[in-house]
Peer 1: 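The structure's right below; bear with me while I get my questions together.
Please read these numbers as outputs of a predicted model, since none were measured by experiment.
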Amino acid sequence: MTSHPLDPLDTDEFRSVRSILADAHGVGPGWRYCSIEMAEPSKAELAAFASDGTLPARRALVTLLESARNATHKAVVSLTDARVESFEHIPGVQANFTVDEFEECDRVLRAHPDVIAALARRGITDLDLVFMDTWTYGAAVMPPEYADRRLGWSDTWLRSEPGANPYAHPVSGLHCVIDVNTMELLRIEDSFDGPDGAIDPPEVMGEYVPSLIPERIRAQSRREPLSPLEITQPEGPSFTLDGNRLTWQNWSLRVGFNHREGMTLHTVTYRDGDRERSVAHRMSFAEMMVPYRDHCEDHYRRTAFDIGEWGLGFMTTSLELGCDCLGEIRYLDATLHDSAGEPYTITNAICIHEEDDAVLWKHVDHDAGAEVRRMRRLTVSFHVTVANYEYLVYWRFYTDGNIQCEVRATGIMVTTPIAPGAEHPHGTLVDERTYAPFHQHFLVARLDLDVDGTDNTVVMSETEAEPMGPDNPYGLSLVQRNIPLRTESQGRQDMNWASQRAWKVVNPNTVNGLGTHPAYKLVPGDAIPSMFDPASPIFARAEVIGHTLWVTPNRPDERWPAGEFVNQSAGDTGLGSWTKADRPIENTDVVLWYVFGVHHITRPEDWPVMPADTVSFWLKPFGFFDRNPSLDVAPSPGGHCHG
C-alpha cells in the first residue's frame, strides 16, 4: 500500500482492480476500463490519519463499458479487502471515450473501402498521409436513428508529406459516423456528393517545424538567435519533495493525479509562526467545455468536453528540461491505465520548480536608503495535448501568501477552406481561402477552500462610489460592500467590471489580531460570457458556463459541474441540477466553481501554430495575516537590496 491516503493509485493497485473485477464479475475481453481512480478519503478520515495514524480503507472507483451490450457500469473496489463493494449498471449514459478507441477509430476508418473511395474521388490515394480525428457527440446533434449507440464522428486531415502537420490540410466536407463499440462505419457524410460538390483545397502554408517551412518564408526571417539563458541553483532548490508531499517556505501541499482532472492539489497549508493554517483542501479543474461558434457542416457538432468526455490525465504528456521547464527541476511521474485496465507510466508528468518573479516589495527612503526583496514563487505544472490544442496548467505559490492559477492555450487551430469569393462570417481568414472559426474555451476550477477550518462563508465584495453631496463634495469617496452569500441561488454570481466584484472565503468562527475574520479572496480574471441563447441545446449540456461563480455545499458525489457522464448528454446533471434545491451555504463546508477561459476571436498571427494565450485567476489572503507576511524574506545574497 502507498504511504499516504491521498497518494494516487500505483501500478500494483491498478492490476489488483483488474484482477478483482475479473474474478468477481468476469470483466475481461469485450469490456473497456474507461476509468479507474482512487476513491479519496473523507476529511474526517484524513483528520483521523493525521491524529493517530489510522489508515482509511483503500478503494478504487471504476467506470466500465460492456461493449456488446453498450452498457455502462460503475464499480467500487476495496483494495484493502480485495473485494467488489458495488457493481451497478447505469442506464442511459455513455462513459468517457478512451485513447484506445480514438486510435482504433483512425485505423478502422482509414482502412474502410468506402472511406478509401471517398478519398480517391478527391485525388487522395496515399492513406499513410490521412488522419481521422474522432470526436464525441452531444445528443442534440446525433443522428436520431443511431441514438441508442455509442457514437463518434470524424474529421479527416491530410499531411502534405510524412511528418508534416496534419491539421494544416482539412479534407472539408468529409465526415464519418461510427459505432465505437462495434467499430462499424454507419455512414459517410460527404459534400462531394452534394449540389455544390467539394471545395478545391487551397494552397496553404501550415507548417511550423523549421525543416518543413518553405525556403521563401524562412528567408524572410532576420531574427538573431538569443544568447543562452541559464538558471542555476548551486545549492539545489529550496523546496522539499517527499513522495507526493511538497513543502516550500511556509507552504505545504500534496500533489495528486487522476485520469479525468490530471493534476490535483490537496491539503494546502501555510505555516504562520508556530501554527499550520489550512487554506484549501482540494483544488483542480473539473471541466473544460470548448464550443465552436460556427454552424457550418464542418463545425456544428464540434463542442468538446475535454475533461468529462476524454480526461486531462489521459492526455497528459511528458515534460522535458529546457523545453517545458527551466531551472532546477523535480518531476513526478503519473500512473494511469489503458482500456484493458493495464497500467502505464507517464514519465515527468508533473514539473516542480522555483521561479524568480521580479520585485516582491520595495521602498526607497530619503535617509535610510532602499529596502528591496525579490519575489520567488513555486510552480507546479502539467501539460496536456487535446488533439490539435495544448493546455499548459500552472499553479503558483508565492512568498506573500498568494496563489495564482494560470492556463496557457497553444497548439494548432482548426481551419476550413472556402470557395473563391465566399463569405466567412464566423471566423477569421488566416491563409489562402482558409478561415479559422471563432470558438471559446471555458475552464471550470473546482476550489474546495478550507480557510482556517472547514466551515466558511463566501462573501461577495464590490466597490461603490458614494454620491456627491455635503459629506462627499468632491465625489472622491469609495465604500466597499460585503454581502454574505447564504443560499445556492445567491451563490450564482457574475463578473462585474464596473464594481470590481470579487469573492472572499471567510471563516466567521475565528478572528485575526485586528479583530476581523480571516479570509482568502478569489480575484477573478479572464471571465468570459457564454453568449448562448438560454434555449440552446448546447448550453443545456453545460449550464455552468452561464455564471462566473457557483457556490455549493461540499458533497463527495458532486464533483463534475456538467454531470458525471457528459458524453452524448442532452442536459446538465451537474450544477444546473444540484443548485435547484437552493441549499444553505453559509458557515459550512463549501466548494467554489470558478468559470474563466479564452474567448478566441481567431487571428492570422495564431497560424500555423498559436502563441500561448494566457488566462489566470488569483487567491489572495485578505485578513488571513495581520500584516505583510513576507517581511521576513531575506535580502538577495550578495546584492545591495537593503540600506
Peer 1: What is the ring orientation for Trp578 with Trp593, classed by angle as parallel under 30°, tilted 30 to 60°, or perpendicular over 60°?
Peer 2: tilted
Peer 1: Are His517 and Phe622 an aromatic pair by the rule of ring centers under 6.0 Å?
Peer 2: no
Peer 1: Between Tyr292 and His299, what is the ring plane arrangement, given parallel below 30°, perpendicular above 60°, and tilted in between?
Peer 2: parallel
Peer 1: Has the side chain of Arg330 got a donor or acceptor atom that lies under 3.5 Å from a matching backbone atom of Pro237?
Peer 2: no
Peer 1: Phe596: what forms a ring-ring contact (aromatic ring centres under 6.0 Å, His included) with it, not counting sequence neighbours?
Peer 2: Tyr594, Phe617
Peer 1: Check the angle between the aromatic planes of Trp395 and Phe285 and answer parallel, tilted or perpendicular using the 30° and 60° thresholds.
Peer 2: tilted
Peer 1: For Trp251 and Tyr398, indicate whether the former's side chain and the latter's backbone hold a donor-acceptor pair under 3.5 Å.
Peer 2: yes
Peer 1: Under 3.5 Å, is there a donor-acceptor pair between the Ser238 and Glu354 side chains?
Peer 2: yes
Peer 1: Any side-chain heavy atom of Leu619 within less than 4.5 Å of one from Leu522?
Peer 2: yes
Peer 1: Could you verify whether a donor N or O on one side chain and an acceptor N or O on the other, from Glu276 and Thr269, lie under 3.5 Å apart?
Peer 2: yes
Peer 1: Is it the case that over 12 heavy atoms from other parts of the model lie below 6.0 angstrom from the CD atom of Glu235?
Peer 2: no
Peer 1: Looking at residues at least two apart in the chain, or sitting in another chain, which of them share a side chain to side chain donor-acceptor pair (under 3.5 Å) with Ser630?
Peer 2: Asn628
Peer 1: Do the charged groups of Glu261 and Arg446 touch, with an N to O distance under 4.0 Å?
Peer 2: no
Peer 1: Assess the side chains of Thr510 and Asp452: does a donor N or O sit below 3.5 Å from an acceptor N or O?
Peer 2: no
Peer 1: Does the side chain of Met283 come within less than 4.5 Å of Leu449's, by heavy atoms?
Peer 2: yes
Peer 1: Take Arg541 and Glu309 through the salt bridge (Lys or Arg N to Asp or Glu O under 4.0 Å) test and state the conclusion after the steps.
Peer 2: CA-CA 12 Å; Arg541 299 179 66 200; Glu309 290 175 333; 3.3 Å; yes
Peer 1: Check whether Thr516 reaches the backbone of Asn512 with its side chain - one donor and one acceptor, N or O, closer than 3.5 Å.
Peer 2: no
Peer 1: Side chains of Ser381 and Thr379: donor-acceptor distance under 3.5 Å anywhere?
Peer 2: no
Peer 1: Quick check: closest heavy atoms across Glu488 and Val551, and the distance to 0.1 Å?
Peer 2: CG-O, 3.7 Å
Peer 1: Give a yes or no on whether Glu230 atom CD has more than 12 heavy-atom contacts from other residues, nucleotides or ligands under 6.0 Å away.
Peer 2: no
Peer 1: I want to check something: taking the side chain as every heavy atom from C-beta on, are Val255 and Met263 in contact at a cut-off of under 4.5 Å?
Peer 2: yes
Peer 1: Any luck finding a side-chain donor-acceptor pair between Tyr389 and Asp306 under 3.5 Å?
Peer 2: no
Peer 1: For the residue pair Arg260 and Gly563, what are the closest heavy atoms and their distance?
Peer 2: NH2-O, 3.4 Å
Peer 1: Looking only at the aromatic ring of each residue, does the gap between the centers of Tyr270 and Phe625 stay below 6.0 angstrom?
Peer 2: yes
Peer 1: Kindly give the heavy-atom pair with the smallest separation between Leu312 and Met288, and that separation in Å.
Peer 2: CD2-CE, 3.8 Å
Peer 1: Check Arg603 with Asp613, please: is the shortest side-chain N to carboxylate O separation under 4.0 Å?
Peer 2: no
Peer 1: Please enumerate all residues that pass ring-ring contact (aromatic ring centres under 6.0 Å, His included) together with His366, with sequence neighbours excluded.
Peer 2: none
Peer 1: Charged N to carboxylate O under 4.0 angstrom, Arg559 versus Glu37?
Peer 2: yes
Peer 1: What closest approach, in Å, do Arg245 and Ser252 show between heavy atoms, and which atom pair accounts for it?
Peer 2: NH2-OG, 3.3 Å
Peer 1: Less than 6.0 Å separating the ring centroids of Trp560 and Phe305?
Peer 2: no
Peer 1: Compare every heavy atom of Asp455 with every heavy atom of Asn509, then report the nearest pair and how far apart it is.
Peer 2: ND2-O, 3.4 Å
Peer 1: Flag the pair Arg396 and Asp357 as a salt bridge only when some basic side-chain nitrogen lies within less than 4.0 angstrom of an acidic carboxylate oxygen.
Peer 2: no
Peer 1: Using only atom types and a distance under 3.5 Å, with no angle test, would you say the side chain of Thr548 pairs donor to acceptor with the backbone of Met495?
Peer 2: yes
Peer 1: Quick one: closest heavy-atom pair of His353 and Cys351, and the distance?
Peer 2: ND1-SG, 3.6 Å
